[in-house]
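This one's a predicted model, so the numbers in the text were calculated from it and none came from an experiment. Chain letters run A, B, ... following the sequence lines, proteins first, then strands; residues in each count from 1.
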2 protein chains.
Amino acid sequence: MLIVGELINSTRKAISQAMEQKDKAYLQELARRQVEAGAHILDINAATSSNEIENIQWLADIVQEVVDVPICIDSPSAEAVAAGLARCQRPGMVNSISAEQERWEQMLPLIQKYGAKVVALCMQDGGMPETVDDRLEVAEKLVSGLTRAGVAADDIYLDPLIKPLGVDHNFGLQALETTRLLREKYPQVHVISGLSNISFGLPERRVINRAFLVMSVAMGMDAFILDPLDQAMMSLLAASRALAGQDEYCMDYITAVRAGLVKA
Amino acid sequence: MLIVGELINSTRKAISQAMEQKDKAYLQELARRQVEAGAHILDINAATSSNEIENIQWLADIVQEVVDVPICIDSPSAEAVAAGLARCQRPGMVNSISAEQERWEQMLPLIQKYGAKVVALCMQDGGMPETVDDRLEVAEKLVSGLTRAGVAADDIYLDPLIKPLGVDHNFGLQALETTRLLREKYPQVHVISGLSNISFGLPERRVINRAFLVMSVAMGMDAFILDPLDQAMMSLLAASRALAGQDEYCMDYITAVRAGLVKA
């Protein structure tokens with residue numbers, strides 16, 4: 001199970017402000033707290049700023065001053081991803097590649113050069129996938145293309161591109177079924193997702209996000225981009241791993257309870 | 001989705017005391033609150049008391065004074081079940097029958113006489129089932145026996161008898177797989193479970209119970225015996241139904257949020 005901490009993201013107003021004001025202490029504290037809460041990798045995103053290149057490098061530098069985990073360079077811009085990866089002190093992660101031709105051609109060499117893990121969106125030219133089969137078709141292009149290019153299956157994190165439940169009440173089932181089929185077809189490859197799209201437009205979104213997390217674990221999703229400071233979420237994640245048979249003797253669960261990380 | 005409120009149970013000390021002291025106000029308040037929180041049926045259990053027959057009838061009477069939902073007579077004693085059913089003002093539920101010969105022979109006529117719904121434990125003479133296949137074998141005896149006896153499939157609630165995750169870390173998967181297969185094999189029959197066995201012996205049990213609830217909904221479980229006053233649980237249940245495609249336009253979820261029943 002891989003937890004990517006999502007909080008240092010410039011689409012969040014507090015982060016965008018802290019970045020503009022070079023509020024290093026605030027951002028470093030957020031990095032530290034996410035790792036303490038269980039994040040294995042920290043996502044950093046400066047994509048909304050006018051000087052993204054400079055900011056992503058600054059974020060990479062200050063985050064790595066205070067935590068030892070890898071960082072995930074989150075940007076649609078290959079230039080920003082290249083700039084961020086160049087500052088990684090240990091192999092990082094790229095968020096994200098897709099099967100869109102331009103993005104593929106720009107991102108792939110960077111992933112190869114830096115030996116990075118990669119979030120691979122199940123999207124190709126022509127727009128968002130509609131059906132489960134659309135996603136499986138794009139996933140096949142991504143997995144075969146990436147492995148042919150020398151990326152280890154274990155470094156690939158397929159993102160099935162989850163659509164909001166509020167738009168169509170079958171989108172939850174669609175996401176879960178896609179996850180199950182991807183893990184069945186590519187047992188060596190991971191399936192990852194953010195937890196905000198599913199609840200977009202609905203009230204009390206965190207409740208939907210948490211339930212979706214639990215169901216996703218049951219279907220084989222093994223990586224999440226989430227807010228590790230949401231203790232109810234992290235508690236349910238520990239319980240979900242145990243229920244899915246991924247936690248021998250429930251030792252990780254019990255250890256997390258003792259550390260105060262799991263609470264009812 | 002059927003929610004059976006579990007709180008009026010004499011194995012809980014507060015209830016046992018309230019029963020001995022004939023604390024009608026306390027018990028009626030608990031009945032009212034469970035229904036307000038979303039229970040469709042209220043379980044009543046007087047099985048730990050020395051005068052079970054008298055107490056189950058008293059409970060049935062006072063509960064039905066204040067709520068309009070059916071009651072579920074919860075006892076291993078056919079005599080107590082008969083006494084409770086005799087007081088039901090509308091068709092009730094029996095918790096429970098099993099494929100054990102003596103229990104089967106004593107409970108079946110009562111279910112037939114009163115047209116009651118029934119919790120059917122996947123257990124037969126010889127003890128607790130071990131494997132998924134054991135449970136499926138007993139389920140087949142129960143479903144075929146009950147339907148031959150004139151019980152409607154829609155009135156049957158199979159309980160797969162879930163064992164504690166703390167005993168074996170595969171018991172979560174076993175419970176989920178059993179649920180999935182039972183619903184696949186008997187789409188007209190329901191699958192029900194209490195939510196306490198799974199977490200027995202583990203810390204922060206409610207976290208395990210809540211995650212198990214969410215996963216169970218994904219596998220097709222459609223009835224739960226639970227504490228409806230656990231708002232985190234009920235919130236996750238509403239979200240789970242929506243994610244499982246059981247809530248068109250998410251209207252039930254949104255309505256529950258507006259009623260203050262769902263909170264992050």
Side-chain angles (χ1 to χ4, degrees), chain A residues 164-177 180 198-199 201-219 230-258 260-264, chain B residues 164-177 180 198-199 201-219 230-258 260-264:
Chain A
L165 188 60
V167 171
D168 183 324
H169 67 275
N170 287 311
F171 282 170
L173 287 175
Q174 188 186 66
L176 296 167
E177 180 68 358
R180 192 180 69 75
I198 190 73
S199 61
L202 288 173
E204 298 293 336
R205 293 180 63 175
R206 279 177 183 250
V207 177
I208 299 277
N209 296 349
R210 289 171 195 157
F212 182 70
L213 170 94
V214 174
M215 287 189 179
S216 296
V217 172
M219 297 302 163
D230 180 339
Q231 189 174 45
M233 177 97 82
M234 294 299 277
S235 296
L236 288 169
L237 181 57
S240 297
R241 287 190 59 236
L243 287 164
Q246 298 170 11
D247 181 8
E248 209 170 353
Y249 306 116
C250 303
M251 278 314 297
D252 293 345
Y253 176 79
I254 293 167
T255 304
V257 171
R258 287 186 184 148
L261 297 173
V262 168
K263 276 192 186 135
Chain B
L165 188 59
V167 172
D168 184 323
H169 67 277
N170 288 310
F171 282 171
L173 286 175
Q174 188 186 65
L176 296 167
E177 180 67 357
R180 192 180 69 74
I198 190 72
S199 62
L202 289 173
E204 298 293 337
R205 293 180 63 177
R206 279 178 182 248
V207 178
I208 300 277
N209 296 349
R210 290 171 194 156
F212 181 70
L213 170 94
V214 174
M215 287 190 178
S216 296
V217 171
M219 297 301 162
D230 180 339
Q231 189 174 46
M233 177 95 82
M234 294 298 278
S235 296
L236 288 169
L237 181 58
S240 298
R241 287 190 59 235
L243 287 163
Q246 299 169 10
D247 181 9
E248 208 169 357
Y249 306 114
C250 302
M251 278 315 298
D252 292 345
Y253 177 78
I254 292 166
T255 303
V257 171
R258 286 185 184 149
L261 297 173
V262 167
K263 276 192 186 135

- Task: Calculate, to the nearest 0.5 Å, the distance between atoms CE and OG belonging to Met233(A) and Ser240(A) respectively.
- Result: 10.5 Å
- What residues form a side chain to side chain donor-acceptor pair (under 3.5 Å) with Glu177(B), not counting sequence neighbours? Arg180(B)
Proximal component of [X], with respect to chain B [non-hydrogen, under 4.5 Å]:
| X | answer |
| --- | --- |
| Ile198(A) | side chain |
| Phe171(A) | neither |
| Phe212(A) | both |

- Taking a cut-off of under 4.5 angstrom between non-hydrogen atoms, the residues of residues 202-209 of chain A near chain B are Leu202(A), Pro203(A), Glu204(A), Arg206(A), Val207(A), Ile208(A)
What pair of heavy atoms forms the shortest contact from [X] to [Y], and how long is it?
| X | Y | result |
| --- | --- | --- |
| Leu243(A) | Leu176(B) | O-CD1, 4.3 Å |
| Val262(B) | Gln231(B) | N-NE2, 4.3 Å |
| Leu165(B) | Gly172(B) | CD1-N, 3.6 Å |
| Ala211(A) | Leu236(B) | N-CD2, 3.9 Å |

- Task: Return the option, out of Val217(A), Leu173(A), Asp230(A), Leu213(A), with the maximum number of heavy-atom pairs under 4.5 Å with chain B.
- Result: Leu173(A)
- Message: Between Ser235(B) and Leu261(B), is the side-chain contact (heavy atoms from CB on, under 4.5 Å) condition met? List the steps.
- Response: CA-CA 7 Å; Ser235(B) 296; Leu261(B) 297 173; over 6 Å; no
- Sort Ala242(B) into side chain, backbone, both or neither according to what part of it lies under 4.5 angstrom from a heavy atom of chain A. both
- Only pairs at least two apart or in different chains count here, so list each salt bridge (charged side-chain N to carboxylate O under 4.0 Å, His left out) that has a residue in residues 234-252 of chain A. Arg241(A)-Asp252(A)
- Item | Between Ala232(B), Ala218(B), Ala175(B), the one whose heavy-atom pairs under 4.5 Å with chain A are most numerous | Ala218(B)
- Item | Set of salt bridge (Lys or Arg N to Asp or Glu O under 4.0 Å) partners for Asp168(A), sequence neighbours left out | none
